[in-house]
Amino acid sequence: METKNSKRERFEKVASNRVQRILDTLALLQNCANRNNYDYSQEDVDQMFSVINKALKDTKSAFVNEMNKATKQGFKFNK
């Protein structure tokens with residue numbers, strides 16, 4: 001059985017690597033803002049960030065929902 005500490009260590013390693021990849025990819029996307037190299041409209045920008053913001057919201061919700069599972073109290077009759 002996996003210990004709580006090893007699960008934590010695995011989370012820190014995996015999550016930090018994945019967050020760094022997201023940040024690196026966002027930096028690459030930021031390069032597309034250069035109007036000397038690319039042509040885009042406000043609608044394009046709005047569409048891109050709408051999708052990105054939805055993915056962020058959905059991902060955060062998954063973490064919050066998982067944490068709430070551990071703290072939910074079931075129904076109990078008072079005695």
Side-chain angles (χ1 to χ4, degrees):
M1 184 171 173
E2 197 168 20
T3 66
K4 188 172 184 165
N5 194 34
S6 67
K7 287 173 76 172
R8 175 68 190 177
E9 290 169 357
R10 193 172 86 240
F11 171 78
E12 288 178 3
K13 180 181 177 189
V14 171
S16 62
N17 286 337
R18 291 179 183 179
V19 168
Q20 188 59 54
R21 271 191 303 201
I22 291 166
L23 295 174
D24 292 344
T25 301
L26 285 171
L28 291 173
L29 178 59
Q30 187 175 352
N31 293 339
C32 292
N34 186 335
R35 288 281 195 161
N36 292 324
N37 295 323
Y38 303 101
D39 182 32
Y40 54 88
S41 67
Q42 182 65 50
E43 291 78 23
D44 296 328
V45 174
D46 292 344
Q47 186 176 1
M48 288 187 314
F49 285 95
S50 175
V51 171
I52 291 168
N53 286 329
K54 183 179 182 327
L56 282 171
K57 182 181 172 189
D58 292 348
T59 302
K60 184 175 182 179
S61 290
F63 279 91
V64 170
N65 289 340
E66 196 63 32
M67 287 189 297
N68 286 341
K69 282 183 186 178
T71 60
K72 281 189 178 174
Q73 298 286 330
F75 173 79
K76 293 181 184 177
F77 284 103
N78 294 327
K79 295 194 181 211

ask   = How far does CZ of Arg21 sit from OG of Ser16, to the nearest 0.5 angstrom?
value =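 Arg21 atom CZ to Ser16 atom OG measures 10.5 Å (nearest 0.5 Å).
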Problem set entry | Pairwise distance OG1(Thr3) to CZ(Arg10) - rounded to 0.5 angstrom |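 The distance works out to 10.0 Å.
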Whether Arg35 side chain and Tyr40 backbone form a donor-acceptor pair below 3.5 Å: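 Present.
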Polar side-chain atom of Asn34 near backbone of Asn31 as donor-acceptor pair, under 3.5 Å
no
Check: Leu29, Tyr38: one ILVMFWY side-chain cluster at the under-4.5 Å cut-off?
Finding: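 Yes, it is one cluster - the side chains of Leu29 and Tyr38 are joined through contacts under 4.5 Å.
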Distance-only donor-acceptor hits, side chain of residues 47-58, under 3.5 Å, sequence neighbours excluded:
unit_1 : atom_1 : unit_2 : atom_2 : d
Asn53  : ND2    : Phe49  : O      : 3.0
Lys54  : NZ     : Asp58  : OD2    : 2.7

*asked:* Surrounding CD of Glu12 (heavy atoms of other residues, nucleotides or ligands, distance under 6.0 Å), is the total greater than 12?
replied: yes
Check Glu9 with Lys13, please: is the shortest side-chain N to carboxylate O separation under 4.0 Å?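 Salt bridge: no.
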